[in-house]
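Data first, discussion second: the structure below is written as structure tokens.
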Amino acid sequence: MPQCPHEASCRLFPLFSMGGTLAVWKTNYCCSDFTRCARYQRNLREAWVPDNLLPNGMLLKKVAK
Amino acid sequence: MTYWPFWLCALALSGVALLHWLLIGRMFAVSGRFTALTDAIRNWKRSADSHSELSQAEMLEALRAATIAEFGLTEEQAAQMDAELRAQAQPAPQRPPTSKQSLPVHVLFFVAIALGAALSARMAQGHADRTLFFATFGHSPILLGSILFGGGLLVGFGTRMAGGCTSGHGLCGVSRFQPGSMLATAAFFGAGIVTSLLLGALR
């Protein structure tokens, strides 16, 4: 199974590795076609990747209560 | 002209590299640190737009909501997956803490280098031989400044291409028997010797 080569530096990978609901990201991006991950693509262009950038390209925002 | 004893220089250099590793947990590498400094400056403003204002709990909550939205999960499915996780009670993978240092630490590092160089130059007054440098390039401050600036740019370009400089490759890499570092160090010093001989011949 391919694994994203950027997993060591990705700030979200440890969260996806916690399991539960969040593991779906790991299954669908980190351990499958990681080249379509927005974080991976961003990291190819520049070293800095926003912590709140999701693999699908959306930006994570605080949940309104 | 009197140089400092070679053994004193060797002890000082290795002491600095060892202390850096012991205190900070990272290899002593000036060019690597400079890269980290420029990255820190570049990312300074950007980090304000990141999730840094979110706490860990808020981050996880937002991430969970985004997961449900992205993959079309129902709240029940998500709750079941999280319950299974709790039942398995697998600890999250631990990784060693990354020594992500802040901008002031990088700045302090280079201020310390400048202070050390100034102290060294002061102690070496009357001993250091700069005749070859001045004989080759003259005494014009503008010309000397331009040459030093150009030399600095070339050093920066070269160290980025080589993946390290004399401290990273020469001090730390060679002491760890890294083949690439040995080759890089041989290239550094080889080029230095050839340049010095050429300048001497042109004089």
Side-chain angles (χ1 to χ4, degrees), chain A, chain B residues 32 34-100 103 160:
Chain A
M1 182 185 289
Q3 178 115 334
C4 178
H6 294 173
E7 59 100 356
S9 58
C10 180
R11 302 287 295 277
L12 290 188
F13 185 80
L15 300 179
F16 297 160
S17 298
M18 290 169 71
T21 317
L22 305 188
V24 186
W25 294 101
K26 186 177 168 181
T27 311
N28 283 274
Y29 286 92
C30 316
C31 296
S32 60
D33 185 10
F34 55 80
T35 56
R36 65 194 179 96
C37 172
R39 297 181 65 80
Y40 173 83
Q41 292 167 1
R42 178 72 173 258
N43 203 204
L44 291 182
R45 294 196 303 274
E46 53 184 309
W48 185 76
V49 179
D51 289 352
N52 61 339
L53 177 67
L54 290 170
N56 61 1
M58 306 281 284
L59 289 174
L60 202 57
K61 291 195 174 84
K62 188 175 176 179
V63 176
K65 299 204 173 174
Chain B
F34 189 74
T35 306
L37 172 68
T38 53
D39 283 348
I41 292 170
R42 195 176 54 172
N43 297 336
W44 195 7
K45 185 182 177 310
R46 288 170 167 179
S47 61
D49 304 326
S50 188
H51 91 286
S52 53
E53 74 273 11
L54 296 181
S55 68
Q56 177 80 358
E58 289 171 337
M59 177 78 174
L60 285 172
E61 187 183 19
L63 201 48
R64 189 174 183 277
T67 309
I68 290 170
E70 170 67 11
F71 297 102
L73 301 173
T74 63
E75 186 59 46
E76 289 73 27
Q77 285 173 316
Q80 188 182 352
M81 291 167 83
D82 290 337
E84 285 170 7
L85 170 71
R86 282 193 291 273
Q88 290 168 1
Q90 285 179 336
Q94 297 292 313
R95 65 174 48 161
T98 52
S99 53
K100 207 170 176 62
L103 186 59
R160 284 294 279 171

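In this text, all values refer to a predicted model and were calculated from it rather than measured experimentally. Note: hydrogens, waters and symmetry copies are ignored here, and every other heavy atom, side chains too, is used. The chains referred to below are lettered A, B, ... by the order of the sequence lines, with proteins before strands, and numbering in each begins at 1.
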Euclidean distance, A:Leu15 CG relative to B:Met59 CE, rounded to 0.5 Å: 5.5 Å
Heavy atoms of other groups near B:Phe34 CZ, more than 12 under 6.0 Å: no
Where A:Thr21 and B:Thr67 come nearest, the two heavy atoms and their spacing: O-CG2, 3.4 Å
Side chain / backbone / both / neither for A:Leu12 at chain B, heavy atoms under 4.5 Å: side chain
Minimum heavy-atom distance between A:Leu54 and B:Ala66, given as atom pair plus value: CD1-CB, 3.7 Å
Nearest heavy-atom neighbours spanning A:Phe16 and B:Leu63: CE2-CD2, 3.9 Å
Over 12 foreign heavy atoms within 6.0 Å of CZ, A:Arg36: yes
